[in-house]
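In listed order, ligands and their atoms are each counted from 1. FYI, side chains are in, hydrogens and waters are out, and symmetry mates aren't considered; it's all heavy atoms of this structure.
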Amino acid sequence: MREVVLNEPGDFAEWRNAARGLLASGVAPEDVSWRGSAEGASLFGDEAVVAPAGAVSLPRELLEIAKRVICHRDAEVPARLYRIIWRAARDRQLLARATDAEVNWLRKADKAIRRDVHKMHAFVRFRRLGEEAGRESFAAWFEPSHRILRLTAPFFQRRFTGMDWAIVTPDARAIWKGETLVYGPGGTKDDVPDSDVIEDQWRTYYGAIFNPARVKIDAMRAEMPKKYWNNLPEAQDIAPLLAGAGARVERMREAAVSLANPLTDKWRTRVPDELAPDDDVKTLGELARAVDRCTRCPLYCNATQGVAGEGPKTARIMLVGEQPGDQEDLQGRPFVGPAGQVLDEALEEAGLDRTRLFLTNAVKHFKFEPRGKRRLHQNPTSAEIDICRWWLDKERALVQPDLIVTLGASALRGVTGRSASIRSMRGAVHELEGGSKLIATIHPSFLLRMPDRERAAEERKAFVADLIRARKLAA
Ligand code: URA
């Protein structure tokens, strides 16, 4: 009997190395006993498992699933996974056998992990710790059902590149200080402060999006299980909001008689406050909060939040889009919707790493027209772009990129202050006041709107070529 002791339960690389060695040596699942190091014994028992050359090949999909399922808390998982890969090495169609009990178990376990990952992405709440050398730092405590920190941390790295943070879970912690993700031992809730000013923002946001007419308590509990409530600042408002829901629905009903569309009415009656004072923002974090408070033009009235740029302060390339879209408005991050997907793919093809770029928009609030339940994008006017240049200029001053790439005509106006056609500016490198260079290209959503596939493919190629030129220039 071979005994494999895993030092880090949930660590895919450790399990894979052992499993590969066993598989290549022809050790059958029934001849292996898998244990966690807490149960004692040396790493590979009496016979070390070394992956020999010419390792057995396995379906890629299975490895992808195994990478997730190894994070499952069930102590039997390493053994079950080994049994499955043992069989898959002999039966390439194994994963397609939906009635197979082990495949069935694998799919269910995978679903549980993916659900846990989704919950962690949604329910981690950072508390501000302070600021050092111009970088703000945050920490969050989270108790996932499984050992999924390594699966989820890269998401937070992409999302919060510009700040320092730590996420502490009972099993492990992830730490990001702007360069590499580092993992350390688990901790306790006491490692993280339990409240701060950001909580107020969550509570305000939750109160604003809470729709008393659409309360479905069971669905709510399923989506936001009670076990997460302790760490969610907004959760303390759920009970009072629910208690007042009946009265709010009544008020909405009465108001509906005179309001054809509450959104358009709000648009007409709310006027911008006085211009905001010249917020003296010194960090990207301060800037993001100031953008969210911005009332310099009426666009703030209907948007969920102001969406500031995202990326490291040290970025050499700044990409400027037009304005947040529907998804960006909800998530508070630039380029996370369909246009963002097109952009991500083009960046990858051009060899540009999104996490090293600073992505922002000429206009920081979503401008849309309500159409039933949908919000249809509207182009910002020149005046709106010009007013919002206030923020773009501040981002430029803080990041000081060597190169700015404008995506579309609104971005070009936002950066240069004048209207010019992309065609007249494309293909050349322009000098901007203050020393940055400028490359003008199309907006990725232009590719999404093109009905002619061949032309779209050509345009896409030219778009990628512009991004490659940007990469070379910045290098
Ligand atoms: N379009 C943009 O211009 N910016 C975004 O952030 C998203 C879509």
Side-chain angles (χ1 to χ4, degrees), residues 155 158-162 284 287-288 291-292 294 297 299-300 302-312 315 317-348 350 352 354-369 374-382 384-392 394-396 399 401 404-416 419-422 425-426 438-450 456 459-460 463-464 466-467 470:
F155 166 86
R158 285 195 299 278
R159 182 162 189 174
F160 300 114
T161 320
L284 289 170
L287 183 135
V291 162
D292 195 32
C294 179
C297 83
L299 291 186
Y300 80 96
N302 293 324
T304 308
Q305 57 194 313
V307 180
E310 160 182 291
I317 304 180
M318 176 180 276
L319 254 61
V320 183
E322 183 195 68
Q323 58 163 334
D326 182 73
Q327 280 304 309
E328 288 79 11
D329 169 77
L330 295 172
Q331 296 187 37
R333 296 180 57 210
F335 287 107
V336 289
Q341 236 173 46
V342 175
L343 178 64
D344 283 351
E345 284 166 17
L347 288 174
E348 197 173 333
L352 282 165
R354 173 170 170 149
T355 63
R356 291 172 160 266
L357 308 175
F358 192 85
L359 262 66
T360 190
N361 284 299
V363 172
K364 308 296 193 228
H365 280 106
F366 179 30
K367 180 175 179 183
F368 62 92
E369 188 188 340
R374 297 181 57 212
R375 306 189 298 172
L376 299 186
H377 162 273
Q378 280 192 312
N379 293 331
T381 61
S382 300
E384 285 156 352
I385 296 171
D386 292 344
I387 292 173
C388 217
R389 186 171 308 108
W390 165 260
W391 296 117
L392 184 57
K394 282 195 183 298
E395 288 176 324
R396 284 173 63 181
V399 178
I404 297 181
V405 180
T406 54
L407 310 172
S410 300
L412 189 54
R413 179 169 182 112
V415 171
T416 62
S419 290
S421 72
I422 297 172
M425 305 275 288
R426 206 169 177 189
L438 166 76
I439 284 184
T441 185
I442 55 160
H443 192 282
S445 65
F446 176 59
L447 300 173
L448 284 172
R449 288 196 305 267
M450 288 184 85
E459 279 294 346
R460 190 175 178 285
F463 180 48
V464 172
D466 286 337
L467 295 175

**Message:** I want to know if ligand 1 touches Phe335 in the polar sense, i.e. an N/O pair below 3.5 angstrom.
**Reply:** yes

**Request:** Give the atoms of ligand 1, by number and element, whose distance to some non-hydrogen atom of Pro334 is under 4.0 Å.
**Result:** 6 (O)

**Ligand-side contact atoms (ligand 1) for residue partner Gly321, heavy atom cut-off under 4.0 Å** = 3 (O)

**Complete:** Rounded to the nearest 0.5 Å, the CD atom of Gln341 sits from the CD atom of Gln327 at a distance of 10.0 Å

**Request:** Considering only non-hydrogen protein atoms, determine which one is nearest to atom 4 (N) of ligand 1 and report residue, atom name and distance to 0.1 Å.
**Result:** Asn361 OD1, 2.7 Å

**Item:** Any side-chain heavy-atom pair of Val363 and Asn361 under 4.5 Å
**Value:** no

**Request:** Looking only at non-hydrogen atoms, find the nearest pair between Met425 and Ala420 and report the distance.
**Result:** CG-CB, 4.2 Å

**Prompt:** Which of the numbered atoms in ligand 1 are below 4.0 angstrom from a heavy atom of Glu322?
**Reply:** 2 (C), 3 (O)

**Asked** Taking all atoms of both residues into account, what is the closest heavy-atom pair of Ala362 and Ser410, and its distance?
**Response** CB-O, 3.8 Å

**Asked** Any side-chain donor-acceptor pair under 3.5 Å between Arg413 and Ser419?
**Response** yes

**Item:** Atom indices of ligand 1, in the order listed, that fall short of 4.0 Å to a heavy atom of His443
**Value:** 1 (N), 2 (C), 3 (O)

**Closest approach of any protein heavy atom to atom 5 (C) of ligand 1, naming residue and atom** = Gln323 O, 3.4 Å

**Asked** Heavy atoms, side chains only, cut-off 4.5 Å: are His443 and Leu407 in contact?
**Response** yes

